[in-house]
Protein chains: 4
Amino acid sequence: MARPQSEDKRNAILSAATEVFAERGLGAPTSAISSTAGVAEGTLFTYFKTKDEMVNALYREIKLELADAMMSGFPRRASIRNRLQHVWNSYTGWGIANPMQQKVLQQMGVWSGLTEESKRAGTAPFLEIEKTAEAAVAQHVFQDLPLEFIAAAMSALADTTMEFMRRQPKQASRYQSTGFEMLWAAVCRKK
Amino acid sequence: MARPQSEDKRNAILSAATEVFAERGLGAPTSAISSTAGVAEGTLFTYFKTKDEMVNALYREIKLELADAMMSGFPRRASIRNRLQHVWNSYTGWGIANPMQQKVLQQMGVWSGLTEESKRAGTAPFLEIEKTAEAAVAQHVFQDLPLEFIAAAMSALADTTMEFMRRQPKQASRYQSTGFEMLWAAVCRKK
Amino acid sequence: MARPQSEDKRNAILSAATEVFAERGLGAPTSAISSTAGVAEGTLFTYFKTKDEMVNALYREIKLELADAMMSGFPRRASIRNRLQHVWNSYTGWGIANPMQQKVLQQMGVWSGLTEESKRAGTAPFLEIEKTAEAAVAQHVFQDLPLEFIAAAMSALADTTMEFMRRQPKQASRYQSTGFEMLWAAVCRKK
Amino acid sequence: MARPQSEDKRNAILSAATEVFAERGLGAPTSAISSTAGVAEGTLFTYFKTKDEMVNALYREIKLELADAMMSGFPRRASIRNRLQHVWNSYTGWGIANPMQQKVLQQMGVWSGLTEESKRAGTAPFLEIEKTAEAAVAQHVFQDLPLEFIAAAMSALADTTMEFMRRQPKQASRYQSTGFEMLWAAVCRKK
DNA sequence: GATGAATGAGTCTTCATTCAT
DNA sequence: GATGAATGAAGACTCATTCAT
């Protein structure tokens with residue numbers, strides 16, 4: 001099928017939205033986004049039916065980017081600890097490299113407009129990680145807890161860690177590795 | 001003197017705000033709040049100069065309530081672990097008992113209108129806890145990390161835990177105690 | 001009859017109104033007036049049924065003061081020219097001494113809420129002056145024009161003169177006397 | 001390109017504003033203006049950022065129209081008296097023909113929102129007249145007074161005259177010519 | 001009578017969305 | 001498809017006036 005409209009323009013809009021939302025919150029006007037994107041106000045609505053739909057699309061886009069960053073170079077055969085460390089490092093690394101995206105993601109966490117479908121789509125690309133976690137539970141490495149909970153805990157701890165990495169850039173790598181040790185300790189089965 | 005400002009009405013407004021914000025986000029109209037509170041639209045503005053000021057007031061109010069809940073019965077003389085457990089239990093307990101307040105607090109975490117003063121006022125009542133943490137670090141029980149980081153990590157983990165306690169009420173107490181063990185493991189100095 | 005309410009408070013309100021209106025225009029809120037007057041917001045409405053009524057009252061009050069200033073020492077027996085000069089000097093003198101009152105009076109000139117009755121009441125105290133003018137017309141000193149027109153012309157010229165007296169205080173007395181000569185020339189019958 | 005801003009619509013808004021302001025004062029709501037203009041409430045704000053800006057624009061527009069009326073057919077070579085008479089006649093003529101505009105102009109005279117820039121822009125087109133007046137002073141025809149004062153006096157006298165022309169239309173031309181004679185007498189150097 | 005909290009209609013302005021060009 | 005003017009329903013906030021104290 002022929003790709004309608006211009007992929008470039010769509011990206012420009014989402015990228016502008018990221019910038020604007022990071023700075024002014026999800027309440028920022030669409031006009032600020034279109035002007036940042038260098039397109040007309042109306043154009044936004046030829047790519048997205050409504051603002052809410054656009055925010056949902058952005059959510060999925062960012063989640064995909066994040067998944068990409070995390071899955072690239074994923075050491076499928078390494079030990080569980082190493083795989084988890086990869087996840088941790090790539091997640092926090094991505095967050096530091098993409099502060100706006102991460103900030104927007106946080107805002108979307110308390111936004112009521114996210115559709116269930118978006119939430120589902122947002123978690124889908126992390127399948128590989130889930131498998132690792134499943135294995136970890138099965139092998140009695142992790143505690144016997146729902147994967148979702150472990151994932152959420154990791155995400156929460158990572159967000160906290162990133163915030164401090166950003167606040168004290170000189171200590172960034174120390175926070176990153178300590179954060180991981182904390183996660184590992186938290187998540188592993190106790191002897 | 002004429003009718004004095006009524007503490008009741010002020011509370012009704014803040015309480016309505018909690019309800020409305022929890023449901024519709026901080027972007028909810030003030031008119032929804034005043035009507036929920038059963039007062040005229042203008043009345044809100046005799047108690048708070050602007051909407052932003054009202055949100056800031058609400059933030060401080062909730063933080064105070066939370067501090068109250070956490071500090072009441074604080075076992076000043078108990079072991080560090082027991083003190084931390086008290087903190088954990090009372091925090092998660094409060095969050096489960098006051099889901100709207102907790103939700104609103106989370107939204108305020110990504111809200112740009114919070115004044116520095118409010119943030120300061122919001123952390124002030126947790127002094128006792130801070131002291132415990134300081135002692136824990138000094139006694140080499142906790143890892144050598146900034147207190148703020150430990151606090152943030154705890155708060156993040158607790159929020160996550162509460163979410164799952166709410167989702168699976170039957171497992172609530174299991175989540176609560178496992179969550180604490182995770183925190184304790186994460187935060188303690190490794191041998 | 002016993003004087004109801006306090007004359008003092010009424011005066012305080014009107015005086016505050018003068019001050020506030022001079023600075024912020026007739027659109028200024030009644031609350032600004034009551035607070036300047038040092039009374040409660042509601043008090044204003046025990047002295048005046050509505051804001052409009054209050055403005056009308058203020059108009060009459062100021063006009064009376066002005067009349068007082070102009071009629072005191074009026075040289076009833078002097079020549080027409082001297083009587084007119086007295087009027088001119090006392091009017092401009094009053095305006096310079098009472099800039100706020102004069103400013104408010106000007107604003108009321110383009111205000112649509114002035115009642116016909118107020119307008120009538122406002123001109124009444126100038127009867128003596130009118131008589132002078134009538135005499136001047138009768139004696140063929142003034143041109144044969146409606147008194148009202150002559151009065152309006154004088155008032156307009158005086159307002160202009162005062163404005164310049166205020167702008168260039170060092171030239172004030174020069175403006176005052178030149179202004180009068182202009183008026184006299186304008187108004188006298190030509191040979 | 002999309003629909004460009006229409007000069008027509010802008011004019012419709014300013015014209016409606018003139019009508020509404022003349023009737024109800026500058027405090028009239030913008031909604032009255034937009035509805036009179038036959039556009040949506042929001043449309044007004046695509047043409048003018050704020051109400052104040054719109055009022056300033058209207059001021060300049062009216063002043064320009066007035067200047068146009070006064071400068072068209074200005075007898076550059078005629079005697080000073082004839083030039084002044086042209087000014088007088090065209091001013092009062094314009095005022096009678098455009099009562100709403102003139103009323104609005106008067107209201108703006110006591111309005112505090114006029115920017116300095118607008119005031120400057122408003123006087124600029126009257127340069128030719130100023131030159132005449134300068135010449136008149138230089139040639140010892142006019143009294144030695146600041147031009148601004150002479151202009152203000154003329155304007156004040158003209159406003160008064162117009163008011164009476166309007167009140168007694170049958171006497172209009174008599175008022176007009178008498179008014180001019182008064183001005184001329186007032187302004188000329190005395191022998 | 002004095003007070004000032006309470007009221008709610010009214011104000012300016014914003015903004016998502018539509019639609020003529 | 002792209003544009004940006006047009007729309008009008010909100011939204012936050014103001015203010016004259018009322019009324020409980």
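Computed over heavy atoms, backbone and side chain alike; hydrogens, waters and symmetry mates excluded. Chain A is the first sequence line, chain B the second, and so forth, proteins listed ahead of strands; every chain is numbered from 1.
- Using a 4.0 Å heavy-atom criterion, one finds that D:K9 contacts the sugar-phosphate atoms exclusively.
- Of the N and O atoms on the side chains of B:Q102 and B:D159, at least one donor lies less than 3.5 Å from an acceptor on the other residue.
- Residue-level contact check: D:Y47 touches the backbone only, with heavy atoms under 4.0 Å from sugar-phosphate atoms and none from bases.
- When the P atom of E:dA9 is taken as reference, atom CD of B:E41 falls 9 Å away, rounded to whole Å.
- Note on A:E19 versus A:K103: no salt bridge recorded, every NZ/NE/NH1/NH2 to OD/OE distance being 4.0 Å or above.
- Between the C1' atom of E:dT11 and the CG atom of D:D52 lies a distance of 13 Å, rounded to the nearest Å.
- The distance between atom CD of B:Q5 and atom P of E:dA5, rounded to the nearest whole Å, is 5 Å.
- Residue contacts for D:A28: at a heavy-atom cut-off of 4.0 Å it reaches the sugar-phosphate backbone alone, with no base atom in range.
- Counting any heavy atom pair closer than 4.0 Å across all strands shown, B:S6 reaches no nucleic acid atom.
- Side-chain atoms of C:Y47 do not come within 3.5 Å of backbone N or O of C:N11 as any donor-acceptor pair.
- Taking atom CZ of residue D:F45 and atom C1' of nucleotide F:dG4, one finds them 19 Å apart after rounding to whole Å.
- Residue-to-nucleotide proximity on DNA chain E shows that, of D:L26 and A:P29, the 5′-proximal contact is made by D:L26.
- Atom NZ in D:K49 sits roughly 17 Å away from atom C1' in E:dC15 (whole-Å rounding).
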